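Quick notes on the structure that follows.
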Amino acid sequence: MPFISILRDLKGKRGLEEKVEQECGLGEHRSFDFSVEGSSSSSYPVVDQSRWASLPHELLLDIIGRVEADETTWPARRAVVCCAAVCRSWRGVVREVVQTPEECGLLTFPMSLKQPGPRDSLIQCFIRRERATSTYRLYLGLSPAISGDASKFLLVAKRIKKATKTDFVISFAANDISHTSEYYAGKLRSNFFGSKFYVHDSQPPCNAPIQSHGWSRKRISPKKVAPRIPICNFNVATIAYELNVLRTRGPRRMNCTMHMIPVSSTQEGGSAPTPATFSYGLDETFSPFTPSDGRRQDSASDVHISGKYGSIGKQLILKNKIPRWHEQLQCWCLNFKGRATVASVKNFQLVASGDPSDNVPSPEQETVVLQFGKIGKDIFTMDYQYPLSAFQAFAICLSSFDTKPVCE
């Protein structure tokens, strides 16, 4: 049953319904997506709690369950987000109904971008590169030609070239890309040679000990950043490209060390860390479930995981699948199953590294957890699955765009 019809049957009053339509993005006045492009926390609709909280829990659970089951693609899935924005009781029910991407294979709220993908299938996305502004936008969909207007914006990154390093700042908002923004998701930082990259997440790791340097790398004026927004970066992954100065080793070779994903996650019964809500800042703006805790931090610092393996055990290492040489085409080839149509040094597929001591099952060593392929001049596909999240996969793919003079 369409979401509008459900509201009409429940209220019986067209006036309030039109108000909810306009403020929740169901009408023509406003777009209310989970990424909230260009909007602020004030865009959340304010609806009288007493008009909605009195609904029986069983009835509300059935209604929202039907909406969630029917609307499985964007932009129709926006109705699920609107349900969570009605009032607190609705938010609690939506939290019960909506599953993680690992369980249902769907992206609903911003927190879904920080949670592992499905185990048995790839979530298919594409990246659009804008050369003039050094901007990279991630969309949910097969390709611009196929998805068209139905392509759902997920993340955006901006490349900032510095004297000794390169930063890719990643944001949830399409037009607000900054370290001090409330939509800041994390960053990717390279070394001078472009041979090693560090993925930093604004979200604190789940159930893992962390330690800070204890000093600030950069002072931020309190006037430039809201008190509730943390300016921290947690090192969650390291990407290393093998040196190839003489260009005798063929295509690029890369290894990704996932500091917060245990190697046991690839074994039967294993699990990867799955954050439930944003721990800071974004709760109030993005997540309809948990309010901000009001913590204040006025400085920027990088936070690293303590210990060699921390509390998660041995860390998962991903490596690129070695391509084979095609005699007829005279090039290196990988089977992308139609998701890469243009030859490029940037194309790659990642699989779990097979160390005998890790007890990684053989099928898992052949399962592609992330593939990145070129299909047009500035269009690239990005398909990922468990144990990677969309944010982690996007950051790894961004490393392929940077210049690597000693690695290729």
Side-chain angles (χ1 to χ4, degrees), residues 95 98-125 138 140 154-155 170 185-186 188 198-210 234-239 254-279 287 303-320 349-355 357-372 382-397:
R95 187 175 186 177
V98 177
Q99 297 177 313
T100 64
E102 180 183 350
E103 297 169 322
C104 66
L106 301 175
L107 300 176
T108 307
F109 296 103
M111 195 70 257
S112 302
L113 304 178
K114 296 292 184 78
Q115 296 173 336
R119 290 178 179 263
D120 301 325
S121 61
L122 292 166
I123 293 183
Q124 296 178 318
C125 311
L138 177 66
L140 178 66
L154 299 179
L155 293 167
I170 304 174
L188 176 73
Y198 305 94
V199 180
H200 297 276
D201 194 344
S202 64
Q203 172 76 11
C206 298
N207 302 322
I210 55 176
F234 301 89
N235 185 10
V236 297
T238 300
I239 308 164
M254 61 188 295
N255 290 280
C256 302
T257 303
M258 311 305 298
H259 301 309
M260 293 316 304
I261 302 179
V263 70
S264 60
S265 64
T266 60
Q267 302 171 1
E268 185 177 357
S271 62
T274 306
T277 58
F278 289 101
S279 296
S287 175
V303 182
H304 298 270
I305 310 305
S306 62
K308 183 177 181 181
Y309 299 137
S311 63
I312 67 170
K314 196 169 184 180
Q315 302 163 351
L316 175 66
I317 298 178
L318 303 175
K319 65 178 182 180
N320 68 309
Q349 292 179 328
L350 291 185
V351 296
S353 179
D355 190 333
S357 62
D358 296 336
N359 296 321
V360 179
S362 298
E364 293 295 336
Q365 297 180 27
E366 296 297 326
T367 300
V368 176
V369 298
L370 171 63
Q371 67 178 15
F372 178 73
M382 187 198 86
D383 303 337
Y384 76 97
Q385 67 174 354
Y386 176 92
L388 294 181
S389 66
F391 168 78
Q392 294 166 343
F394 186 43
I396 294 173
C397 292

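All figures in this text were calculated on a predicted structure; none of them were measured in a lab.
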For Arg119 and Ser271, the nearest pair of non-hydrogen atoms, with its separation, is NH2-CA, 4.0 Å
Go through the steps for Met258 and Leu388 under the test side-chain contact (heavy atoms from CB on, under 4.5 Å), then give the verdict. CA-CA 9 Å; Met258 311 305 298; Leu388 294 181; 3.7 Å; yes
Let me see the working for Val199 and Phe391 under side-chain contact (heavy atoms from CB on, under 4.5 Å), right down to the final yes or no. CA-CA 10 Å; Val199 180; Phe391 168 78; 4.0 Å; yes
Please assess Thr266 against Val369 for the test side-chain contact (heavy atoms from CB on, under 4.5 Å), listing each intermediate value before the final yes or no. CA-CA 11 Å; Thr266 60; Val369 298; over 6 Å; no
Under the side-chain contact (heavy atoms from CB on, under 4.5 Å) rule, collect the residues that match up with Ser121, sequence neighbours excluded. Pro118
Check Tyr386 against Pro116 and note the closest heavy-atom contact, atom names and distance. CD1-CB, 3.8 Å
Which atom names give the shortest non-hydrogen contact between Ser265 and Pro262, and what distance separates them? OG-O, 2.7 Å
Can Ser202 and Ile170 be said to form a side-chain contact (heavy atoms from CB on, under 4.5 Å), step by step? CA-CA 10 Å; Ser202 64; Ile170 304 174; over 6 Å; no
Can you see which heavy atom on Cys256 is nearest to which on Leu350, and at what distance? SG-CD1, 3.9 Å
Taking atom CG of Leu154 and atom CG of Leu138, what is their separation to the nearest 0.5 Å? 4.5 Å
Check Pro387 against Ile261 and note the closest heavy-atom contact, atom names and distance. O-CD1, 3.5 Å
Side chain to side chain donor-acceptor pair (under 3.5 Å) against Asp383, all qualifying residues, sequence neighbours excluded: Arg339, Gln371
Looking at every heavy atom in both Ala276 and Arg95, which two are closest together, and how far apart are they? CB-NH2, 4.4 Å
